[in-house]
Every structure is written in structure tokens, then in C-alpha cells.
Amino acid sequence: MKHITSWILIGSAALLAGGYIFLCTIPDPARILPGTTINGTALDDMTLDEAAGALEKNDRTHEGASLTVAFEGKSYSVDVTDALVYDHQAAAKKALKKSEKAQKGFFTRGLALLRSLFAKDDIEDLPAVKDTAALKKAIADSGLTDANNTVQTSYEIKDDQLVFTIGTAGEDVDEDALIEKIRQAVRADDYENVLACPDTMGEVRAVDLDQVYADVHVDAADATLDPANDYAVVEAVTGVDVDWENARALLDAAEEGSTVALDLIYTEPPIDAQNLREHLFADHLSSYTTKVSGTADRLTNVALAVEKCSGSILISGDVFSFNDTVGEQSEATGFKKASAIDEDGNIVQAYGGGICQVSSTIFAAALYSNLKIVERWNHDYVSSYIPAGIDATVAWGWLDLRIANDKSYPVRFDVSYENGDLTVDIWGTKTEEAPVEIETKTVASPAPGTLAVETYRKVFNADKSQVFVEKIADSTYRN
């Protein structure tokens, strides 16, 4: 009988041992043990990626993530949702690591499985504040920063004065300390308790006079014309300024809560709208004429360039560009082929041949108008229609004639072609009598077979006493 009992006990133990060994083969260390949850989401028998996906799908950690902050007797709701970050992958890895630890040895796996079946393991994993900028925005959106007691210096224009109201320091929200409190509350998953807002003594910032200058200062501007509105008259602008050096001294000495008033300085521009209308294009500044000859196609090109240039208006500061005004010369734009000079100095047939006579005549008239010459090029050969040193060649996309209106009033180019005469009249406004003479000098040639010419502009007073001499150009021509 004893032997039978012994065998029964041995058999039972073997059976139990076999069953336990079988249990040890069931768990997979690459999967999370049954009964494991994170924030209520079941992760039974899931791989790392499966668990991360389940946590992301069921993520409710951002819902209602709002804290109440008390400051100066009032409550403010700070919605920190956008500032929170919850790493689902890291949370899933935490659960998997816990399962792996419980199954460290083969013979511990069965016990870990049995425990997981009867004792649930609910892991709490909370989001963290990661985006400080978003948190600062949430604080601002709550109205907390508007509750600061510090009043910064303000300014306004009143009764022809720039009036500063000097700020006063008070108790302000200590934003850095509040951010740390919010971080602690989030880590503790505490959204119920009201946070007492830390405060700090505010500071009245020094006035940014550069910004005030940008807001207040206005440059005086003469009345002018608006090219975008059919050259309608644009009213003059009155200049506005302040004695900024005095302003800085007064502001540095001012007490909190006081006012500093500075008189505005107004500057009326010399040319108002009425003045402009009365003097607009009233004076004939210069005229220059050249004789046109050549083939019918050349004459067509000259006439077309004249049509495009005539009536060009330059307001003060504008730059006339011959190439921009006339445009590219091609069959499509109406130009014909006529004699022209290529880059190597060869005479060829090219669209727009002859239009250099228009640019040269405009250049000569501009010289006598005492307008600023920005860009000018001479021909390879002396032209038959204009003296050496007075010509101006052009080539689309390469050589241009550019003239700036450096006068206070607008100028207008009237270009005409009639009975073989190409004439450029420049109209504007004379602010003083300043006769102009143009002088060309032949100088030593830089190379054999060339002609070198210097061009000078002499400007005189009304009594013919000379004001200044300006060298306009150096020109070198092939003989």
C-alpha cells in the first residue's frame, strides 16, 4: 500500500512538473504578459509596435488637460493640451521591459504567467510638458499676462506733442516659476488642485526710442506725380520729427507715473501740390536736333523708337532707360533690318538698325538739360549725324543709355521726327538760371588707328560766371 501511495505522489509531482514546464513554454518574451494595461489600455500578448499603436489609438491623456491658476484674487484656466507630449513607443517599451524582467529565466516564465492571470498590472504613464513655447502661449491665452500690475510706458501724439506716460512697476506673474509649477502638476497628474501663481516685482522697460522714431518720424516729401495713376499729382508730405536727444534725456530723468511731453517739429516741403501744378513742365530746358537719312527700313526704325520714347516722364529720382522704353527690336515688335554695327565692329543688317540716332539725340539733349548721365556708350565709329563724344550707342541686353532726373521737379522728353529732323525737347522747371555748354576735346589716342575724345559739361550762373566743369565721358573710335 505504501508503495502505491508513493507512486501516486511521484506521478502527481511529475504531472505537476510537466504542466509547469509546459506553462513556461507559453509566454513569449517579445510579447507583453496578459493582464498588463497602461492608463487603462489592455496590452495583453502584444508586441512593442502593437502596444504603441493601441496606446496611440486609445490616447486620452490630452483630453481636459487644463489647470486652474489663481492670481490676484482671480482664477485663470490654462489649457496645456498643446504643450503636452506623450511618447506611446516609450510607454509600450516600459511595459515590455517589465514583462521581460518577470520572464528573465525559463523556469520563472510559468510563475510570471500565473501571476499575470490572477493579478492585473496597471501601469500609469503620464504625458510631460515638452513644448515650452506652446505652454507660454497657453499662459498668455488664459489672460494671466494681461493681469500683470506693471504698466509699461506708452506714448501718443496729442495737440502737436509727443506725450509719454511713464510706466509703473507692480506685481507680475513670475512666468518661469509658474511653468515649473505646471510641469510638476502634469507629472503628478494633478489637474484638480488650484495652482497659486508665483509673482515677482515687475520692471518698467526703457523706452525703445528707435521704435518710437519709426512710428513717429515722417520724412518731408515734395508733391510729385504718380506713374501708376496716369501721372496724377500726389500731395506733398509734411515732415514730422522730435528732438530725440532731448527726448532721451527727459525720459531717463522721468519718474514712474509722470508724463513727458515733447513738441513735434514739422517741416513743410518746398514743393506742394499747387506749386507743382503751377510749374509742371513750364520751362524748356533744352533741345537738340539731328538730321535723319538712310533706307526706308532705317527710317521706320527711327520713327518707331521716337514714338516709344516721346512723352517719357521722369519724376525726381527716376532713371530713364532707353532699352526698357524701346524694348527688344525684332520683326515681331515692328522693327526692320537696317545697317548696324556688331560687337566686332562689323557693319551688319540687324533689326532696329538706326535707333542709335534716337538714343544719341536724347543723350545730347540731356547733356544740355544738365541731367545726370548714369550710363552711356560710344559707337565704334564716329557717327555722321552727331559729333564725336556726343553720341550714345545702344544694344538690347548689352549697352544702354540711362539718364537720371536729379532735379526737384519732374521732366518730360518730347521726341519728334518730321521732315527729316529728329528733335528732342526736354521740359521741366527751372529753379535757377544755369546755362550749359558742352565741350569735346580730342586727346592722345590709346592705340594706333583710333580717335580719343573727352566730353565735358560746363555749367554757369546767370551772369555767366562758371559754377563747375564736369567730365561726362571718354570715347574711343576706330578710324
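To the nearest 0.5 angstrom, Asp263 atom CG is 11.0 Å from Asp159 atom CG.
A donor and an acceptor atom, one from each side chain of Ser77 and Ser66, are located under 3.5 Å apart. Side-chain atoms of Asn405 and Ser316 include no donor-acceptor pair closer than 3.5 Å. Remark: the Asp79 side chain and the Thr81 side chain contain an N/O donor-acceptor pair separated by less than 3.5 Å. Checking Asp146 against Tyr76 by side-chain atom types alone, no donor-acceptor pair falls below 3.5 Å. In this model, a donor atom of one side chain and an acceptor atom of the other lie less than 3.5 Å apart for Asp215 and Tyr155.
In terms of heavy-atom proximity, Val394 sits nearest to Cys356 at N-SG, 3.5 Å. Across Gly327 and Trp396, no two heavy atoms sit closer than the pair C-CZ3, 3.4 Å. Minimum heavy-atom separation, Asp222 to Ile271: OD1-N, 3.1 Å. In this structure, Arg248 and Val207 approach most closely via the heavy-atom pair NH2-O, 2.8 Å. The shortest non-hydrogen separation linking Val204 to Val151 is CG2-O, 4.1 Å. The shortest heavy-atom contact between Ala392 and Ser359 is O-OG, 2.6 Å.
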query = How far apart are the C-alpha atoms of Ile139 and Val69, what are their side-chain angles, what is the distance that settles it, and do they pass the side chain to side chain contact (heavy atoms under 4.5 Å, CB included) test?
reply = CA-CA 10 Å; Ile139 292 171; Val69 179; over 6 Å; no
request  = Apply the test side chain to side chain contact (heavy atoms under 4.5 Å, CB included) to residues Phe281 and Asp414: give CA-CA distance (whole Å), side-chain angles for both, the deciding distance (0.1 Å), then the verdict.
outcome  = CA-CA 11 Å; Phe281 309 133; Asp414 287 349; over 6 Å; no
key: Derivation and outcome, side chain to side chain contact (heavy atoms under 4.5 Å, CB included), residues Val358 and Phe322   = CA-CA 9 Å; Val358 181; Phe322 185 88; 3.9 Å; yes
task = Assess whether side chain to side chain contact (heavy atoms under 4.5 Å, CB included) is satisfied between Thr259 and Ile166, documenting all intermediate values.
result = CA-CA 6 Å; Thr259 59; Ile166 308 302; over 6 Å; no
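The only option from Asp241, Leu209, Leu264, Leu262 that meets the side chain to side chain contact (heavy atoms under 4.5 Å, CB included) definition with Val216 turns out to be Leu264.
The backbone N or O of Phe413 lies less than 3.5 Å from no partner atom in the side chain of Ser312, so there is not a single donor-acceptor pair. Distance alone, capped at 3.5 Å, places no donor-acceptor pair between the Lys471 side chain and the Glu454 backbone. Between the side chain of Lys407 and the backbone N or O of Asn370, at least one donor-acceptor pair lies under 3.5 Å. For Asp174 (side chain) and Thr200 (main-chain N/O), no donor-acceptor pair under 3.5 Å exists by modelled atom type. Using a distance-only test at 3.5 Å, with no hydrogens or angles considered, a donor-acceptor pair links the side chain of Asn148 to the main chain of Thr145. Side-chain atoms of Arg457 do not come within 3.5 Å of backbone N or O of Ile472 as any donor-acceptor pair. Between the side chain of Thr224 and the backbone N or O of Val234, no donor-acceptor pair lies under 3.5 Å. In terms of modelled atom types and a separation under 3.5 Å, the side chain of Glu268 and the main chain of Gly239 share no donor-acceptor contact. No side-chain donor-acceptor contact under 3.5 Å links Asp243 to the backbone of Ala247. Side chain of Thr267 to backbone of Ala220: no donor-acceptor contact under 3.5 angstrom is found.
Partners of Val218 under the side-chain contact (heavy atoms from CB on, under 4.5 Å) rule, at least two apart in sequence or in another chain, are Val237, Val240.
With salt bridges taken as basic N to acidic carboxylate O contacts below 4.0 Å, one links Asp391 and Arg376. Between Glu180 and Arg187 there is a salt bridge, with a side-chain nitrogen of the basic residue lying less than 4.0 Å from a carboxylate oxygen of the acidic one. Using a 4.0 Å cut-off between charged nitrogen and carboxylate oxygen, Glu375 and Arg402 count as a salt-bridge pair.
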